[in-house]
Colleague: 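Below is a structure I'd like to ask you about.
Note that the numbering runs from 1 along the sequence shown for the chain.
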Amino acid sequence: MKTPYFLIIEKKLDKNIFDFQQALNKYWPNSRIAYSVKTNSLPWLLSYLQKKQLFAEVVSDEEYTLSNMCGFKDCNIVFNGPIKSDEKLIEAVRKGAIVNLDSKNDVRAVLESKFDTIENIGIRVNVSPSAFNPDDIGYTQDGFRFGFSDETGELSSVIENLRKNYGNCRFGLHLHCNSVSRSLNVYKTLAKNAAKIIEKYKLSPSFLDVGGGFFGGVEGKPTAAQYLSVIKDELKNVVDLSETMLILEPGSAIIGSAVDLVTSVIDVKDTECSRIVTTDGSRIHIDPLWIKKNYRYSICQKAESENLINKQVICGYTCMDHDRLMIIERQPELFVGDQIVYHRVGAYSMTFGGAFIRYFPDVYVERSNGQRILARSKMTVDEYFKIHSV
């Protein structure tokens, strides 16, 4: 197989799914896993997860339609985000999708539509950053962007309007925040806030959606069972676990640790300052936000090298000088044709990186029996031209 290419390892993918399913079965059987489509929207992956009976969590009309195309029924989709069109939101509710209201426009559309029931509609809660340990989250100064704040009265207004228009119909709650640490304390805090709101407004939620951001398949980090244990402990006294469905939205925890990027060295040169090793992979492929500082990787050499080099700067193929993936120190000398394999790179990578200079690379799947199949062919120039031409 010609590099660069992504490799999805089915055994690892299945293990991540199994860990969450097993934890939910133990702690909250009335539950669903809704895979975060934005994390990696590869059609092969979506179709695979649909067959594993996961839900799809989407944040745009486009992701909703893609999920339908990959086999997800509307009743197995969770529709989040602030950019839903009125048409898609109304269609989603009527077809049984779970729809979490994130904007005043969402609320207006629901109030105007006069649905028969709103049990599949939830309200996203904007949790104050002051509730968290500052080391666990970002945006401690400006707060989170999404949902309705209880502190400002906006959450109260939405609840009051739903009750006014829909009487005693049950509805759900959605709480999620971007976490730096992904620690158990983050989910303890989210669950505690959900419990506080349930008691304050005397709610009997049809579902509780605690979002995503979990670790998955990473040794030494919290497990699915540990996350579910702390969530249940905070909520078991305020909801009937058999009547209120729990929804998790893992993305990286499902696909992140199950993917490698395989690259090859294509040039080695010495400058006055460093030894530069150029590869046919790029930071674009595995760090599109350009924020990572290190990677888990392995080196496969065509021939063993006993010569250790103090410093080798591993670079991508692009013509951007800052396309530097890492510096390796006191490692065997690399030569053209040697391979560098980056591990745990399935999240926000193969579908987020974009077609820049070179286009999307091949994606293979290593099946549980060891067979490798092609899940996506490398994008050709003709395909790129057709996409960007009228």
Colleague: What I want to find out is whether Lys104 reaches Glu154 closely enough, with some N-O distance under 4.0 Å, to be called a salt bridge.
Modeller: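 A salt bridge links Lys104 with Glu154.
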
Colleague: Can you check whether Asn80 reaches Glu249 side chain to side chain, under 4.5 Å on heavy atoms?
Modeller: yes

Colleague: Are Glu234 and Lys188 close enough for a salt bridge, meaning some N to O gap below 4.0 Å?
Modeller: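 Judged by the 4.0 Å cut-off on N to carboxylate O distance, Glu234 and Lys188 do form a salt bridge.
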
Colleague: Could you please spell out the steps behind the side chain to side chain donor-acceptor pair (under 3.5 Å) verdict for Ser181 and Asp135?
Modeller: CA-CA 7 Å; Ser181 67; Asp135 293 335; over 6 Å; no

Colleague: Salt bridge (charged side-chain N to carboxylate O under 4.0 Å, His left out) between Glu333 and Arg275: does it pass, once the steps are laid out?
Modeller: CA-CA 10 Å; Glu333 182 176 10; Arg275 171 160 291 190; 2.6 Å; yes

Colleague: Check whether any side-chain heavy atom of Tyr348 lies under 4.5 Å from a side-chain heavy atom of Leu289, and answer yes or no.
Modeller: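 Of all side-chain heavy-atom pairs linking Leu289 with Tyr348, none is under 4.5 Å.
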
Colleague: Donor-acceptor pair, distance only, cut-off 3.5 Å: does the side chain of Lys84 make one with the backbone of Gly81?
Modeller: yes

Colleague: Please name all residues satisfying ring pair (Phe, Tyr, Trp, His ring centres under 6.0 Å) with Phe72, sequence neighbours left out, ordered by chain then number.
Modeller: none

Colleague: For side chain to side chain donor-acceptor pair (under 3.5 Å), just list the numbers for Thr318 and Asp323, CA-CA rounded to whole Å, side-chain angles, deciding distance to a tenth of an Å, and then say yes or no.
Modeller: CA-CA 7 Å; Thr318 71; Asp323 188 5; 2.7 Å; yes

Colleague: Find out whether Leu248 and Val210 are in side-chain contact, i.e. whether some heavy atom of one side chain is under 4.5 Å from a heavy atom of the other.
Modeller: yes

Colleague: Looking only at atom types and distance, does a side-chain atom of Arg170 sit under 3.5 Å from a main-chain N or O of Ser204, one as donor and one as acceptor?
Modeller: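 The answer is yes, because a donor-acceptor pair under 3.5 Å joins these two groups.
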
Colleague: Using the six-membered ring wherever Trp is involved, compare the ring planes of His174 and His176 and label them parallel, tilted or perpendicular (cut-offs 30° and 60°).
Modeller: parallel

Colleague: Could you walk me through whether Asp150 and Lys200 pass the salt bridge (charged side-chain N to carboxylate O under 4.0 Å, His left out) test, one step at a time?
Modeller: CA-CA 10 Å; Asp150 193 35; Lys200 177 177 179 179; 3.0 Å; yes

Colleague: Does Gln141, at its CD atom, have more than 12 non-hydrogen atoms belonging to other residues, nucleotides or ligands within less than 6.0 Å?
Modeller: no

Colleague: Check this for me: Arg163, atom CZ, are more than 12 non-hydrogen atoms of other residues, nucleotides or ligands nearer than 6.0 Å?
Modeller: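 Yes, enclosed.
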
Colleague: Just checking, any donor-acceptor pair under 3.5 angstrom between side chains of Ser368 and Glu10?
Modeller: yes

Colleague: Please answer whether the main-chain N or O of Ile247 pairs with a side-chain N or O of Trp28 as donor and acceptor at a distance below 3.5 Å.
Modeller: no

Colleague: Hey, is the main chain of Pro134 close enough, under 3.5 Å, to the side chain of Thr140 for a donor-acceptor pair?
Modeller: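 Looks like no, no N/O pair under 3.5 Å.
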
Colleague: At their closest point, which heavy atom of Ser67 faces which heavy atom of Ala56, and how far apart are they?
Modeller: OG-CB, 3.7 Å

Colleague: Got Tyr201 and Lys196 here, is their nearest side-chain heavy-atom distance under 4.5 Å?
Modeller: no

Colleague: Determine, for Arg94 against Asp116, whether the closest basic-nitrogen to carboxylate-oxygen distance falls under 4.0 angstrom.
Modeller: no

Colleague: Taking the side chain as every heavy atom from C-beta outward, state whether Leu241 and Lys236 have any pair of such atoms under 4.5 Å apart.
Modeller: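 A side-chain contact under 4.5 Å exists here.
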
Colleague: Heavy-atom distance under 4.5 Å between the side chains of Phe132 and Phe144, does that happen here?
Modeller: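 Contact flag for Phe132/Phe144 side chains = yes.
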
Colleague: Verify, without hydrogens or angle tests, whether Gln339 (side chain) and Lys302 (backbone) share a donor-acceptor contact under 3.5 angstrom.
Modeller: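 No, Gln339 side chain to Lys302 backbone: no donor-acceptor pair under 3.5 Å.
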
Colleague: Would you sort out whether Asp382 and Lys386 count as a salt bridge (charged side-chain N to carboxylate O under 4.0 Å, His left out), showing the intermediate values?
Modeller: CA-CA 6 Å; Asp382 284 344; Lys386 287 175 183 177; over 6 Å; no

Colleague: Is any side-chain heavy atom of Glu304 less than 4.5 Å from a side-chain heavy atom of Pro332?
Modeller: no

Colleague: Can you list everything that forms a side-chain hydrogen bond (donor to acceptor under 3.5 Å, both in side chains) with Ser264? Sequence neighbours excluded, please.
Modeller: Thr3

Colleague: Could you tell me whether Lys88 sits above the aromatic face of Phe79, with NZ or CZ closer than 6.0 angstrom to the six-membered ring centre and within 45 degrees of the axis?
Modeller: no

Colleague: Tell me if the OH atom of Tyr359 is crowded by more than 12 foreign heavy atoms within 6.0 Å.
Modeller: yes

Colleague: Would you say Ser242 and Asn30 are linked by a side-chain donor-acceptor pair, where the criterion is simply a distance under 3.5 Å?
Modeller: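 Checked: Asn30/Ser242 side chains show no N/O donor-acceptor pair below 3.5 Å.
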
Colleague: Would you name the heavy atoms of Leu89 and Val110 that are closest together and state the gap between them?
Modeller: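 Between these two residues, the closest heavy atoms are CD2-CG2, 4.0 Å.
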
Colleague: Evaluate whether atom CG of Asn307 has more than 12 neighbouring non-hydrogen atoms of other residues, nucleotides or ligands under 6.0 angstrom away.
Modeller: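 More than 12 within 6.0 Å, yes.
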
Colleague: Are Val259 and Ile9 close enough, and set up right, to give a side-chain contact (heavy atoms from CB on, under 4.5 Å), and what steps lead you there?
Modeller: CA-CA 6 Å; Val259 176; Ile9 303 164; over 6 Å; no

Colleague: Check for me whether Arg372 meets the cation-pi criterion with Tyr364, that is, NZ or CZ under 6.0 Å from the six-membered ring centre and within 45 degrees of the ring axis.
Modeller: no

Colleague: Please examine the side chains of Asp267 and Thr279, heavy atoms only from C-beta on, and report whether any two atoms are closer than 4.5 Å.
Modeller: no

Colleague: Would you say Asn76's side chain and Phe55's backbone share a donor-acceptor pair under 3.5 angstrom?
Modeller: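 Answer holds: no.
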
Colleague: If we ignore angles and hydrogens, is there a donor and acceptor under 3.5 Å between the side chains of Ser149 and Asn126?
Modeller: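 Checked: Ser149/Asn126 side chains show no N/O donor-acceptor pair below 3.5 Å.
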
Colleague: Is the number of heavy atoms from other residues, nucleotides or ligands within 6.0 Å of CD (Glu383) greater than 12?
Modeller: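 Yes.
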
Colleague: Between the side chains of Asn105 and Ser103, does any donor sit under 3.5 Å from an acceptor?
Modeller: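 Side chains of Asn105 and Ser103: no pair found under 3.5 Å.
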
Colleague: Might you work through the side chain to side chain donor-acceptor pair (under 3.5 Å) test for Asp14 and Tyr48, ending with a clear yes or no?
Modeller: CA-CA 10 Å; Asp14 287 348; Tyr48 187 84; 2.6 Å; yes

Colleague: Report yes or no: is the cationic atom of Arg358 (NZ for Lys, CZ for Arg) closer than 6.0 Å to the six-membered ring centre of Tyr317, at no more than 45° off its axis?
Modeller: yes

Colleague: Between Phe6 and His285, how do the two ring planes meet: parallel, tilted or perpendicular, split at 30° and 60°?
Modeller: perpendicular

Colleague: Taking NZ, NE, NH1 and NH2 as the nitrogens, is one of them in Lys2 or Asp362 under 4.0 Å from a carboxylate oxygen of the other?
Modeller: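 Looking at Asp362 together with Lys2, the answer is no, because their closest N to O distance does not fall below 4.0 Å.
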
Colleague: According to a hydrophobic-cluster definition based on side-chain heavy atoms being under 4.5 Å apart (Ile, Leu, Val, Met, Phe, Trp, Tyr only), do Leu325 and Leu7 belong together?
Modeller: no

Colleague: Using a strict cut-off of less than 4.0 Å between a Lys/Arg side-chain nitrogen and an Asp/Glu carboxylate oxygen, indicate whether Lys164 and Glu160 qualify as a salt bridge.
Modeller: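 Looking at Glu160 together with Lys164, the answer is no, because their closest N to O distance does not fall below 4.0 Å.
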
Colleague: For Ser274 and Ile276, indicate whether the former's side chain and the latter's backbone hold a donor-acceptor pair under 3.5 Å.
Modeller: no

Colleague: Using a strict 4.0 Å threshold on nitrogen-to-oxygen distance, state whether Arg124 and Asp209 make a salt bridge.
Modeller: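 Judged by the 4.0 Å cut-off on N to carboxylate O distance, Arg124 and Asp209 do not form a salt bridge.
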
Colleague: Donor-acceptor pair, Ser36 side chain versus Gly251 backbone, under 3.5 Å?
Modeller: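 It does not hold such a pair.
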
Colleague: State whether the side chain of Asp287 and the backbone N or O of Lys292 hold a donor-acceptor pair below 3.5 Å, judged by distance alone.
Modeller: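 Side chain of Asp287 to backbone of Lys292: a pair is present.
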
Colleague: Under 3.5 Å, side chain of Tyr166 to main-chain N/O of Lys114, donor-acceptor pair present?
Modeller: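 Checking the backbone N and O of Lys114 against the side chain of Tyr166, a donor-acceptor pair under 3.5 Å is found.
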
Colleague: Are the ring centres of Phe214 and Tyr187 closer than 6.0 Å?
Modeller: yes

Colleague: Does the side chain of Ser85 come under 3.5 Å of the side chain of Asp61 through a donor N or O and an acceptor N or O?
Modeller: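 Present: a donor and an acceptor within the cut-off.
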
Colleague: Could you tell me whether Asp142 and Arg145 have a side-chain N and a carboxylate O separated by less than 4.0 Å?
Modeller: no

Colleague: With distance as the sole criterion, is a donor-acceptor pair present between the side chains of Tyr64 and Asp74 under 3.5 Å?
Modeller: yes

